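For clarity, every value in this text was computed on a predicted model and none was experimentally measured.
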Amino acid sequence: MTSHEAPEADMLPGLRAAVDDAKAKAAATRRRTAAAWEPAEVDPVARVLVDLALAHLDRPFDYAVPRTMSDTAVPGARVKVRFAGQEVLGYVVERAAETDHTGTLQPLRRVVSPEPVLAPEIAELSGTLARRYAGARSDVLRLAVPPRHATAEKAPSVPAPAPPDVAPQSWGEVEHAEPFLRRLAAGETPRAVWSAAPADDWPRMIAEAVATTYAAGRGALVCVPDHRDVARVDAALLELLGEGHHVCLTADGGPAARYRDFLSVSRGARRVVVGTRSAAFAPVHDLGLVVLWDDGDDLHAEPRAPYPHTREVLLARAEQQSTAALLGGVARTPEAQQLLTTGWAHELAASREVVRRRVRAEAVAAEDRQVGTRIPRAAYDAIRRGLESGPVLVQTPRAGYAASLACDTCRTPARCSACTGPLVVSGPTVPPQCRWCGHVEAAWACSACRGRGLRAPVRGEARTAEELGRMFPGTTVRSSSGERVLERVGATPDIVVATVGAEPVAAEGYAAVLILDTWLTLARDDLRASEEALRRWLNAGALVRPGGHVVAVGDPAHPALQALVRWDPAGFARREVEERSQAHLPPAARMAIVTGDLGALDDVLHLLDLPEGTEVLGPVPFGKGESEHRVLLRVPSAGGERLSGALGDLQRVRSARKLDPVRIQVDPLTV
């Protein structure tokens, strides 16, 4: 017998004691582990929505709830589970007593946090939007639930004080506003499309509608395009309600502040929310009103899959949770007009008499050479008269100095000699420089006529400010664009030159508004070019004071400019809906774009079970390269749900078979 085969009795006493202790510890660990994985006594099954962006796995899976996690694995909590050999994050969407699974359930690995961050109505909404946009619920939930911040989670949420009693005062000149607000105060669910008039204090009006709902014991949710609009509505709510009643859900404050504010909403401590597009998923308790401002702004379109639009998110919530809805804006989109046409919503708008009293608008041709081809005499006179009583706003569609250059002799576009990219000028004394490669053209010559003179057919806000400074010597000219955006200006008679979306609010409104280069805004190669142009012009014109003057330089016969002159966003929207209905375009039709390489698109067209009446357009090349193509699918609006269902089935088949990925966008903002 060798030494290593010696019987246990021959071990040294100390070694034998150590072995016995190790065995006892292992046995105790096994007993504790067995007790830890013992199923919960009540509702031992957790249905978990696993965070996997795989379409064929986009459903809840059943897991066993250990007894030790029975109190923390609540519906809405974040958990870690074992899935396909790896530990992944998920959300408990339901606790149940039984399961349909025939085998042994895997237990939950751990509860990341017992905080119920996924409300039942948001879990349901994620399924609705995933079906609507042929996407995965996990992708929707990434938009809806912000990342966890443990420190913020430990802090309690202080309940809001009692809501004040506020009497609306700003809606007096809006037809049908009084019954709308009365129904809000009664806890009912009116739905309206509101066209704000020039010089309306729309943040105050939204705040009054929110306060009316809040006083009736229900919550409210307001979504606006950007942080500047959030700041204006925030200030109006503070003035109306006071501190401690609402939160602003934006990314500006950082992850800790955003998660803290989200938890105050999720816990019911705050029931009034203002924010940008991600705030549309805020789990407001007792939600009674959803408000969307300026639904035509492209910032409302989510750039991440499955690409939901804020308008559709809020409309889905209004239907699902039986809430009131208010879609407001100075302009009106065809989609909002369609809500009126179908009777889903009613119209709120000022009368024609009120609009005519508030603003005078005109369009003038750009070929008046009394002053200059860009600023004709009528526009010059409007600025001069406006400066006699207050500030004047000049809107230009391009930032910078000279956004493009051309030969002064033959008008050929000026190109870089190194890479043929477009030349630009960033200042009055700066030589031309290539926008693509940065090459400086110190001695440029036209490739067509060898001329050396340059002109700027498209001038930016800096060049415009320079020209206006020479036209009106002694007048302060201020610029607002890019990273130098002015929030507000005073009542002094200054000229404010701003790009689209960067127009500051004047303390008492602008005496006059001048809109330049309307041809450039209309020249966009897009289905919504005219709609977007009118929206930009109306938003700028609405900043006038009562009795202000708006002048647009462009073709007076263009329908969009005619709508501006009449200040008739409703009529323009009705015309757009009629024309798009005849052309089978949204909102009269549901469209989807599938993008990928030709082989993947060929698979799509063979696998896709399209509803009857679907038009297939393409495939055609898409983008700068030739490798990517796209197919456009179009059905009447009545078949939209079936098209989304077919695309969802396609995604599940492709995911299960591990085919090459394609990008699907349902109802894209641009086509």
Side-chain angles (χ1 to χ4, degrees), residues 55 58 125 127-137 139-140 295-296 300-302 305-316 319-320 333-345 526-528 531 573-596 598 600-622 628-655 659 661-671:
D58 188 24
L125 179 67
T128 301
L129 294 175
R131 290 189 297 272
R132 168 76 166 74
Y133 288 97
R137 293 179 69 179
D139 287 334
V140 178
D295 66 307
H300 284 304
E302 176 59 54
Y307 317 105
H309 193 284
T310 307
R311 178 183 55 246
E312 304 307 320
V313 176
L314 292 182
L315 295 183
E319 288 284 353
Q320 176 185 303
T333 61
E335 287 78 9
Q337 180 62 35
Q338 191 77 344
L339 295 176
L340 296 174
T341 303
T342 59
W344 192 91
D526 186 76
L527 169 68
R528 299 179 182 269
E531 172 195 336
R574 284 192 295 270
R575 176 175 173 171
E576 283 286 298
V577 169
E578 291 172 2
E579 291 181 351
R580 294 186 192 183
S581 297
Q582 295 171 5
H584 305 290
L585 294 172
R590 175 73 62 84
M591 299 181 69
I593 292 177
V594 186
T595 307
L598 275 176
L601 292 182
D602 185 61
D603 291 341
V604 165
L605 295 177
H606 280 86
L607 294 172
L608 193 56
D609 183 16
L610 290 171
E612 186 177 352
T614 303
E615 295 180 74
V616 180
L617 308 177
V620 295
F622 179 71
E628 201 169 55
H629 289 66
R630 74 176 188 177
V631 169
L632 191 147
L633 308 173
R634 181 170 63 183
V635 296
S637 57
E641 188 173 334
R642 294 193 298 274
L643 176 61
S644 293
L647 290 170
D649 292 340
L650 168 73
Q651 288 289 64
R652 284 183 281 276
V653 171
R654 294 183 60 80
S655 174
L659 299 177
V662 294
R663 184 170 69 252
I664 293 178
Q665 293 176 274
V666 177
D667 287 343
L669 185 65
T670 59
V671 179

Heavy-atom pair with the smallest gap, counting every atom of [X] and [Y]:
X      : Y      : answer
Val577 : Pro334 : CG2-O, 3.6 Å
Ala136 : Ala130 : C-CB, 4.0 Å
Leu340 : Ala345 : CD2-O, 3.4 Å
Ser644 : Ala134 : O-CB, 4.0 Å
Leu632 : Met591 : CD2-CE, 3.1 Å
Thr595 : Leu601 : C-CD2, 4.3 Å

Return the [atom1] to [atom2] distance between [X] and [Y], rounded to the nearest 0.5 Å.
X      : Y      : atom1 : atom2 : value
Glu319 : Leu314 : CD    : CG    : 12.5 Å
Glu576 : Glu578 : CD    : CD    : 10.5 Å
Leu610 : Leu643 : CG    : CG    : 7.0 Å

(message) Could you work out, with salt bridge (Lys or Arg N to Asp or Glu O under 4.0 Å) as the rule, every residue matching Asp609, not counting sequence neighbours?
(response) none
(message) Applying salt bridge (Lys or Arg N to Asp or Glu O under 4.0 Å), can you list everything that pairs with Asp667, at least two apart in sequence or on another chain?
(response)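 Testing Asp667 for salt bridge (Lys or Arg N to Asp or Glu O under 4.0 Å), a comparison that skips the adjacent residues, returns Arg132, Arg590.
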(message) With a 6.0 Å cut-off (strictly less than), is the heavy-atom count around CZ of Arg580, excluding the residue itself, greater than 12?
(response) yes
(message) Counting only heavy atoms from other residues, nucleotides and ligands, does the tally under 6.0 Å from CD of Glu641 exceed 12?
(response)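 Result for CD/Glu641: open.
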Whether [X] side chain and [Y] backbone form a donor-acceptor pair below 3.5 Å:
X      : Y      : value
Arg630 : Gly618 : no
His606 : Asp602 : yes
Tyr133 : His309 : yes

[X]: partners by side-chain contact (heavy atoms from CB on, under 4.5 Å), with sequence neighbours left out:
X      : result
Val653 : Leu607, Arg657
Ala588 : Ser581
Ala589 : Arg634
Thr341 : Gln337, Gln338

Do [X] and [Y] make a side-chain contact, defined as non-hydrogen atoms from C-beta onward lying under 4.5 Å apart?
X      : Y      : value
Leu669 : His300 : no
Leu605 : Val616 : yes
Val662 : Asp603 : no
Pro306 : Leu129 : no

(message) Set out, in order, the CA-CA distance, both residues' side-chain angles and the distance that settles side-chain contact (heavy atoms from CB on, under 4.5 Å) for Arg642 and Thr614, then state yes or no.
(response) CA-CA 10 Å; Arg642 294 193 298 274; Thr614 303; over 6 Å; no
(request) For the pair Glu531 and Thr333, evaluate side-chain contact (heavy atoms from CB on, under 4.5 Å) and give the outcome as yes or no after the intermediate values. (result) CA-CA 7 Å; Glu531 172 195 336; Thr333 61; 3.7 Å; yes
(request) Take Ile664 and Leu650 through the test side-chain contact (heavy atoms from CB on, under 4.5 Å) and record every step on the way to the result. (result) CA-CA 10 Å; Ile664 293 178; Leu650 168 73; 4.3 Å; yes
(request) For the pair Leu647 and Val666, evaluate side-chain contact (heavy atoms from CB on, under 4.5 Å) and give the outcome as yes or no after the intermediate values. (result) CA-CA 9 Å; Leu647 290 170; Val666 177; 4.1 Å; yes
